[in-house]
Structures are given as structure tokens and as C-alpha cells.
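Both backbone and side-chain heavy atoms feed into the values below; hydrogens, waters and symmetry mates do not.
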Amino acid sequence: MRLFGESNHPKSVAIFGATSLVFMNVFTIFVWVRYALEWPGRVEPLFVGSLLAVLLSISYFIFGRNQQFLQLLARFEDESEMKRRTGVFVFWLYFISTYALCFGSIAVSHRHIIC
């Protein structure tokens with residue numbers, strides 16, 4: 001919040017950002033399980049949307065409700081510059097690998113996941 005302030009709705013951005021990464025991880029696992037089991041058929045967009053809605057709800061109730069995210073912020077407030085840089089590096093590594101694995105898994109499966 002120190003970087004962007006309250007005007008950019010950091011709570012909402014964090015909830016949507018974290019949920020989208022978790023969703024991509026769950027979807028990647030689903031793609032690999034589907035590929036390994038040679039499961040025929042297609043995944044309905046309604047199923048994908050429902051999964052995303054459930055994950056958003058879970059994220060909101062864990063972090064957004066009752067200002068739980070403030071406890072998380074307080075935990076890292078006194079973090080040293082070196083730990084902060086290491087944390088940022090680990091985050092970007094996770095972020096890039098999540099995207100690479102998700103889209104790479106779809107490409108490797110050679111099947112239409114959502115039609």
C-alpha cells in the first residue's frame with residue numbers, strides 16, 4: 001500500500017491477482033490430469049467460470065473479509081530491504097512460471113481445452 005496508496009484499491013487488486021494465479025495453477029493441474037488420463041470431451045466455459053467464482057469467493061473470505069489482509073501487511077512491514085528484494089524476485093519467478101506452465105501445458109496437450 002505504501003507504493004500505490006488506497007486510491008488503486010489494493011485489497012481488490014491483491015484478491016483478484018492472487019486468485020488469478022491460483023486459478024491458473026488449478027487449471028494447469030487439470031490440463032495435465034486430463035491429458036494423462038486421456039479424458040475425452042470438452043470443458044464447458046460455465047465450469048471454468050464457476051471455478052473462478054468459487055476461488056474468488058474463497059480468496060475474499062480469507063483475506064478481504066474482516067480486514068484480514070491488514071495482518072498480512074503488518075507481518076511484512078518491518079522487512080529488511082534484502083528480504084524484500086528476495087521476496088520480489090521469488091514472486092516474479094512464480095508469476096512467470098505460472099503463466100509459462102499454464103499456457104505451455106495447453107500447447108503440449110494438443111487438445112482444445114475450452115471450445
Side-chain angles (χ1 to χ4, degrees):
M1 288 191 0
R2 169 178 64 193
L3 183 61
F4 298 110
E6 288 290 330
S7 64
N8 291 329
H9 307 286
K11 180 174 80 170
S12 300
V13 170
I15 289 172
F16 283 108
T19 301
S20 65
L21 291 173
V22 170
F23 173 75
M24 290 177 80
N25 288 327
V26 170
F27 193 71
T28 300
I29 292 169
F30 179 76
V31 167
W32 280 104
V33 167
R34 183 172 185 232
Y35 180 69
L37 298 177
E38 297 179 5
W39 180 35
R42 68 187 195 118
V43 178
E44 295 294 329
L46 181 62
F47 170 76
V48 175
S50 299
L51 176 62
L52 186 56
V54 166
L55 289 174
L56 272 171
S57 299
I58 291 169
S59 293
Y60 172 76
F61 283 109
I62 290 174
F63 297 112
R65 191 168 174 224
N66 297 327
Q67 307 295 319
Q68 290 291 337
F69 71 98
L70 292 175
Q71 292 175 0
L72 192 59
L73 286 175
R75 181 176 166 194
F76 292 104
E77 203 163 73
D78 296 330
E79 191 175 46
S80 71
E81 184 64 28
M82 186 63 167
K83 276 190 165 186
R84 187 177 307 274
R85 285 184 181 190
T86 303
V88 168
F89 175 76
V90 169
F91 165 76
W92 281 110
L93 186 66
Y94 169 69
F95 183 84
I96 291 168
S97 63
T98 295
Y99 272 85
L101 282 171
C102 183
F103 292 114
S105 297
I106 292 169
V108 167
S109 71
H110 297 289
R111 296 176 188 220
H112 295 285
I113 304 303
I114 302 173
C115 299

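- Cluster membership check: Phe103 does not share its hydrophobic cluster with Ile29, using side-chain heavy-atom separations under 4.5 Å among Ile, Leu, Val, Met, Phe, Trp and Tyr.
- Cluster annotation: Phe91 and Ile96 are assigned to the same hydrophobic cluster (Ile/Leu/Val/Met/Phe/Trp/Tyr, side-chain heavy-atom contacts under 4.5 Å, transitive).
- Residues Val31 and Leu55 are members of one and the same hydrophobic cluster, defined by side-chain heavy-atom contacts under 4.5 angstrom among Ile, Leu, Val, Met, Phe, Trp and Tyr.
- In the hydrophobic cluster analysis, where Ile, Leu, Val, Met, Phe, Trp and Tyr join through side-chain heavy atoms closer than 4.5 angstrom, Leu21 is grouped together with Val88.
- The nearest pair of heavy atoms linking Met24 to Tyr99 is CE-CD2, 3.5 Å.
- No side-chain heavy atom of Phe30 sits under 4.5 Å from any side-chain heavy atom of Val48.
- The aromatic rings of Phe27 and Phe23 sit parallel, their planes meeting at an angle under 30°, below the 60° perpendicular limit.
- Residues Tyr94 and Phe89 are members of separate hydrophobic clusters, defined by side-chain heavy-atom contacts under 4.5 angstrom among Ile, Leu, Val, Met, Phe, Trp and Tyr.
- Within 6.0 Å of CZ in Phe16 there are 12 or fewer heavy atoms belonging to other residues, nucleotides or ligands.
- Shortest non-hydrogen contact noted between Leu56 and Thr19 is N-CG2, 3.5 Å.
- Summarising the geometry of Glu77 relative to Arg84, their closest heavy-atom pair is O-NH2, 4.1 Å, with the distance given to 0.1 Å.
- Evaluated for a side chain to side chain contact (heavy atoms under 4.5 Å, CB included) with Ser50, the options Leu46, Leu52, Val54 yield exactly one hit, Leu46.
- Here the shortest heavy-atom pairing between Ser105 and Thr28 reads OG-CG2, 3.3 Å.
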